[in-house]
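Values reported hereafter were calculated over all heavy atoms of this structure, with side chains retained and with hydrogens, waters and symmetry mates removed.
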Amino acid sequence: MAYKNAKLRLVQTGAMALSLLVTGSAFSQQQNFNTVEAAKNGWFAEQKRSASWYLAQHQKLSSAMHALQPQRPGVVDAYVVSIGLDSDPVFARESAEAAKILARRYGAAGRTLYFAAGADDKATGAPQGSPSNLATALAAVASKMDKKEDVLILFATSHGDPVSGLAYRDGDYAAGMIAPQRLADLLDGVGVQRRMILLSACYSGIFIPLLTNEQTVIVTAASSQRPSFGCTPGNDWTFFGDALMNNALRKPQKFDAAIAEATRLIAQWESALELKPSRPQVFVGANAQIWLDMLENKMPATASAKVGRPAISTD
């Protein structure tokens, strides 16, 4: 299908750009550059960035982290990190609104960080949605949390690859990949066990085996062998983002009901367009329901209004 092939070309372009950006570097002279191994190790590359750009990024990131409120003893606080890892505008729109929805639902106002690749071009004021900023954000959140009591909620949206994981791309300026092993290393490294991970990307089911524990909730837009849909740059939402964020999680319904609604909507939209089912994946750890219930008991009693254009119109 042309639509699917276009998505795959974008991911392949990102991997090729990463390889090209490191060509001629000391690293490439020492060993053959392998994008799969690079993704596992968290490698990414940038070029043509100005000194003032780096200073502005440092200031934005420092300001955002400084504004994080501390946890409250005796309260299960949620800390939200929402990141768009590709500069196609749909990912910035989706991650920005997802941050608002999750902060509202889980009482994380003042405890939410939002990032978007190519953010300077979109006048969002957000720090760059890059692998390094994601790593820094996770460490910053972990430093504020009571790791035995509080919960990290991570929403990430981008293109995806069935081997290398989440794609990072900012036009001609940067490229990279975050593999399941790298994300697992980051989360385990900061010691966060209570976590909800929501991944909006093709093939994002590949993350489940390495991220699961008894305290983890994971929802992915697709299985490890299927693409997901709706990532056209001009869209406001991907199918997964629209179904789960813009519809299901806005409502005062329990998490399992929200997941059921989202998966049903995605299946309906894919069927209407005769697309191969993406098969979203869900994992809930044996002890995760305890903190999930505590968070969900505090959700707002009313739904919030949907934002943006729907990912699909069947009219």
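- For the pair Ile266/Ser278, a side-chain contact is recorded, criterion being any heavy-atom separation below 4.5 Å from C-beta on.
- The backbone N or O of Lys60 lies less than 3.5 Å from no partner atom in the side chain of Ser63, so there is not a single donor-acceptor pair.
- Here the shortest heavy-atom pairing between Ala103 and Val80 reads N-CG2, 4.3 Å.
- The shortest heavy-atom contact between Ile178 and Phe207 is O-CZ, 3.3 Å.
- Two residues are said to be in side-chain contact when any heavy atoms from C-beta on lie closer than 4.5 Å; Arg195 and Asn213 meet this criterion.
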Mind running side chain to side chain donor-acceptor pair (under 3.5 Å) on Glu296 and Tyr106 for me, showing each step along the way?
CA-CA 7 Å; Glu296 300 249 299; Tyr106 294 118; 2.7 Å; yes
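- Side-chain N or O atoms of Asp242 include one that pairs as donor or acceptor with a backbone N or O of Ala311 at under 3.5 Å.
- Using bins of under 30°, 30° to 60° and over 60° for the plane-to-plane angle, the ring pair Phe239/Trp269 lands in the perpendicular bin.
- Separating the CG atom in Leu102 from the CG atom in Leu198 is a distance of 6.0 Å, to the nearest 0.5 Å.
- Classification of Lys144 and Asp150 as a salt-bridged pair fails, no side-chain N sitting under 4.0 Å from a carboxylate O.
- Checked options Phe115, Tyr54, Tyr168; the residue passing with Gln128 is Tyr168 (criterion: side-chain contact (heavy atoms from CB on, under 4.5 Å)).
- Between Glu149 and Arg194, none of the side-chain N atoms (NZ, or NE/NH1/NH2) sits under 4.0 Å from a carboxylate O, so this pair counts as no salt bridge.
- In this structure, Ser95 and Thr157 approach most closely via the heavy-atom pair CB-CG2, 3.9 Å.
- Between Tyr203 and Pro227 the shortest heavy-atom distance is CE2-N, 3.8 Å.
- Two residues are said to be in side-chain contact when any heavy atoms from C-beta on lie closer than 4.5 Å; Met196 and Phe155 fail this criterion.
- By the 4.0 Å N-to-carboxylate-O rule, Glu261 lies too far from Arg264 to be salt-bridged with it.
- Between Glu97 and Arg250 there is a salt bridge, since a side-chain N of the basic residue sits under 4.0 Å from a carboxylate O of the acidic one.
- For Glu94 and Thr238, the side-chain atoms include at least one donor-acceptor pair closer than 3.5 Å.
- In this structure, Asp77 does not pair ionically with Lys298, as no charged nitrogen and carboxylate oxygen lie closer than 4.0 Å.
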Can you check side chain to side chain donor-acceptor pair (under 3.5 Å) on Glu37 and Asn41, steps first, answer last?
CA-CA 6 Å; Glu37 289 302 313; Asn41 294 320; 4.6 Å; no
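- Put simply, the side chain of Ser164 never gets that close to the backbone of Asp161: no donor and acceptor are under 3.5 Å apart.
- For the pair Thr232 (side chain) and Asn235 (backbone), a donor-acceptor distance under 3.5 Å is absent.
- Annotation for Pro277 and Arg226: closest pair O-NH1, 2.7 Å, computed over non-hydrogen atoms.
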